[in-house]
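Owing to the predicted nature of the structure, the values given are computational and were not obtained by experimental measurement. Positions are given from 1, in the same order as the sequence printed here.
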Amino acid sequence: MDLASTSFVFLSSILVLFMTPGLAFFYGGLVSKKNVVNTMLSVFIITGLAILLWIILGYSLSFSGNIGGFIGNLSNPFMHGIDLKTLMPTKIPTSVYAIFEMMFAVITPALFVGSVVGRIHFKFLLVFIILWSIVLYYPMVHMVWSPNGILAKLGTLDFAGGTVVHINAGITALILSIFLGKRMKGNRHAHHYNLPWVLLGTTILWIGWYGFNAGSALAVNNVAMQATMTTTVATATSMLVWMLLDMHFVGKPQLDGVCTGTLCGLVGITPAAGFVTITGSFVIGIVATLASYLFVNYLKPKIGVDDVLDAFGCHGVSGIVGSILTGFLATKSVNSAVTTNGLFYGGGFHMVFIQLIATFGTIIFVIIACSIIISLLRLVMPMRVTKQEEMRGLDQSEHGENADYTVSINDRAFNKNKDIEVNANEFKGQVGHLNNPNLPKD
């Protein structure tokens, strides 16, 4: 066992797990007040659901055996029969690698929750995630990251999840949005619940993404260091590009825009992080943000798809851009795993062609599989809440809880008196003795 690399991947696994509650704050801050609990619970509950699914059958379907290059088999349910002490090529134990991949299985379905908040039944979402994990996620892991996978044998470059995670979740978000239909008019322009939460969630995601990207090197080596650098540069670039676009088109910089741009940079660099130079990451940061900004602000309103928190606009679009640009910008000088240089490094169109096949093959596979799952599942259980439940908000209709319990502005005491008079004792604090004649005066 390489103790340094094992510790590094173990820490990276914790960072990836940290991303899921970070995403809960990011999405929870963006939605309306009446859907905060539902949104955050829908994201956070996946930590338990996906972990158990991974142990029961996910790891086996992803990495045990091989059926046509598309999926593994069920020869190791509950990871029975797997020697967790066996060392991987980077001399980390199989147990640590399994934990690391487990956390990817947690965060990926959480990403598309942002597209359906406020109008999908919680039970439907849970069952969908179970079926989606089995039918889409585990096969994608096998195809791209298993040595026997069909896309792996093709030579696909996906360092940390451009196809497996972001395109997969992004296209799923798009299909779910289409099947659900638009929100009711009264809910389409609700105010964000808490922008500071959005910033908090973005920060947690950025920190966790170092585990996501750098950890995918599975060792303490130069590739991990390069992934750390390219992740940082691409994210900083996207953050500033989105802000500049807002300043030009909106007329002012906006916090939700800066946070969205930050996320686009993180997504865009994911498939390329360990394969491109710093300059390459800078280019990806710019192009991914331009593409996502164009879709979110101009194309989405025209096509009429109600992806509430732009899960497709960020993860899908930036993921597609990053995956394709990897074929242009990958270079052997960064990672010896790159067998053929990208187009911009003298390798011709070979890698571009492979990345296009992998990218659009993933898109087609996800569209077909998602459509089938949703269509069949809707036959046995309702997908969308009623109009009354949607207008009331899913926090109450689905969970019977509220995001906060502060005094309402309509409270009778608040209207009749000044708040400082109603709650006078709370404002005495350390200066209370100034009005107390029984205390000595200084």
Side-chain angles (χ1 to χ4, degrees), residues 17-50 106-126 128-129 169 172-173 176-177 180-206 208 254-260 262-263 296 306-315 383-411 414:
L17 176 61
F18 190 39
M19 293 170 69
T20 301
L23 185 69
F25 274 101
F26 180 82
Y27 281 165
L30 284 173
V31 297
S32 63
K33 182 177 181 179
K34 60 186 179 182
N35 291 310
V36 177
V37 172
N38 175 259
T39 300
M40 299 186 79
L41 177 58
S42 297
V43 171
F44 189 59
I45 196 64
I46 296 174
T47 54
L49 182 62
V106 171
I107 186 65
T108 305
L111 299 176
F112 60 68
V113 169
S115 66
V116 299
V117 294
R119 63 198 196 280
I120 193 170
H121 274 294
F122 185 75
K123 292 180 181 178
F124 185 97
L125 181 62
L126 287 184
F128 175 80
I129 289 171
T172 299
L176 282 169
S177 299
L180 269 176
K182 293 182 179 180
R183 286 166 292 172
M184 298 178 66
K185 287 185 178 180
N187 290 341
R188 292 181 199 170
H189 304 290
H191 294 294
H192 299 318
Y193 173 68
N194 194 320
L195 281 178
W197 277 17
V198 178
L199 177 58
L200 173 64
T202 304
T203 305
I204 293 174
L205 285 169
W206 191 343
Q254 297 184 311
L255 179 58
D256 64 337
V258 168
C259 292
T260 302
T262 301
L263 194 62
V296 169
D306 193 7
D307 177 0
V308 183
L309 303 182
D310 295 311
F312 172 73
C314 293
H315 296 279
M383 182 180 188
R384 183 162 178 163
V385 299
T386 65
K387 292 182 179 180
Q388 292 77 13
E389 291 171 332
E390 185 176 342
M391 289 306 297
R392 186 184 181 194
L394 270 58
D395 288 2
Q396 277 296 318
S397 62
E398 291 277 292
H399 311 289
E401 295 180 309
N402 295 315
D404 61 64
Y405 299 89
T406 54
V407 177
S408 170
I409 196 169
N410 295 320
D411 185 271
F414 187 88

From [X] [atom1] over to [Y] [atom2], what is the distance, rounded to the nearest 0.5 angstrom?
{"X": "L199", "Y": "F25", "atom1": "CG", "atom2": "CZ", "answer": "12.5 Å"}
{"X": "H315", "Y": "T172", "atom1": "NE2", "atom2": "OG1", "answer": "12.0 Å"}
{"X": "E401", "Y": "E398", "atom1": "CD", "atom2": "CD", "answer": "12.0 Å"}
{"X": "S42", "Y": "H399", "atom1": "OG", "atom2": "NE2", "answer": "5.5 Å"}
{"X": "T39", "Y": "L23", "atom1": "OG1", "atom2": "CG", "answer": "10.5 Å"}
{"X": "L309", "Y": "F26", "atom1": "CG", "atom2": "CZ", "answer": "7.5 Å"}

Kindly give the heavy-atom pair with the smallest separation between [X] and [Y], and that separation in Å.
{"X": "A403", "Y": "D395", "value": "N-OD2, 4.2 Å"}
{"X": "L205", "Y": "G22", "value": "CG-C, 4.4 Å"}
{"X": "I129", "Y": "P109", "value": "CG2-CB, 4.1 Å"}
{"X": "R384", "Y": "R183", "value": "NH2-CA, 3.6 Å"}
{"X": "V113", "Y": "Y27", "value": "C-CE1, 4.4 Å"}
{"X": "A24", "Y": "V43", "value": "N-CG1, 3.8 Å"}

Determine whether [X] and [Y] make a side-chain contact, defined as any pair of heavy atoms from C-beta on separated by less than 4.5 Å.
{"X": "N402", "Y": "K33", "result": "no"}
{"X": "M391", "Y": "S397", "result": "no"}
{"X": "L180", "Y": "D306", "result": "no"}
{"X": "L195", "Y": "V198", "result": "yes"}
{"X": "L176", "Y": "F112", "result": "yes"}
{"X": "L126", "Y": "L49", "result": "yes"}
{"X": "F128", "Y": "I120", "result": "no"}
{"X": "C314", "Y": "T260", "result": "yes"}

> Heavy-atom count around F18 CZ within 6.0 Å, excluding the residue itself: above 12?
Replying inline: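 It does not: F18 CZ has 12 such atoms or fewer within range.
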> Does E389 use its side chain to pair, donor to acceptor, with the backbone of T386 at less than 3.5 Å?
Replying inline: yes
> Judged by atom type as modelled, is there a donor-acceptor pair below 3.5 Å linking the side chain of D310 to the main-chain atoms of V296?
Replying inline: no
> Does the pair N38 and F122 meet the rule for a side chain to side chain contact (heavy atoms under 4.5 Å, CB included), with working shown?
Replying inline: CA-CA 8 Å; N38 175 259; F122 185 75; 4.3 Å; yes
>> Let's go through I46 and T20 carefully: what are the C-alpha distance in whole Å and the side-chain angles of both, what is the deciding distance for side chain to side chain contact (heavy atoms under 4.5 Å, CB included) to 0.1 Å, and is it a yes or a no?
In response: CA-CA 9 Å; I46 296 174; T20 301; 5.5 Å; no
>> For Y193 and W197, take the angle between the two ring planes, folded into 0 to 90°, and tell me which bin it lands in: parallel under 30, tilted 30 to 60, perpendicular over 60.
In response: perpendicular
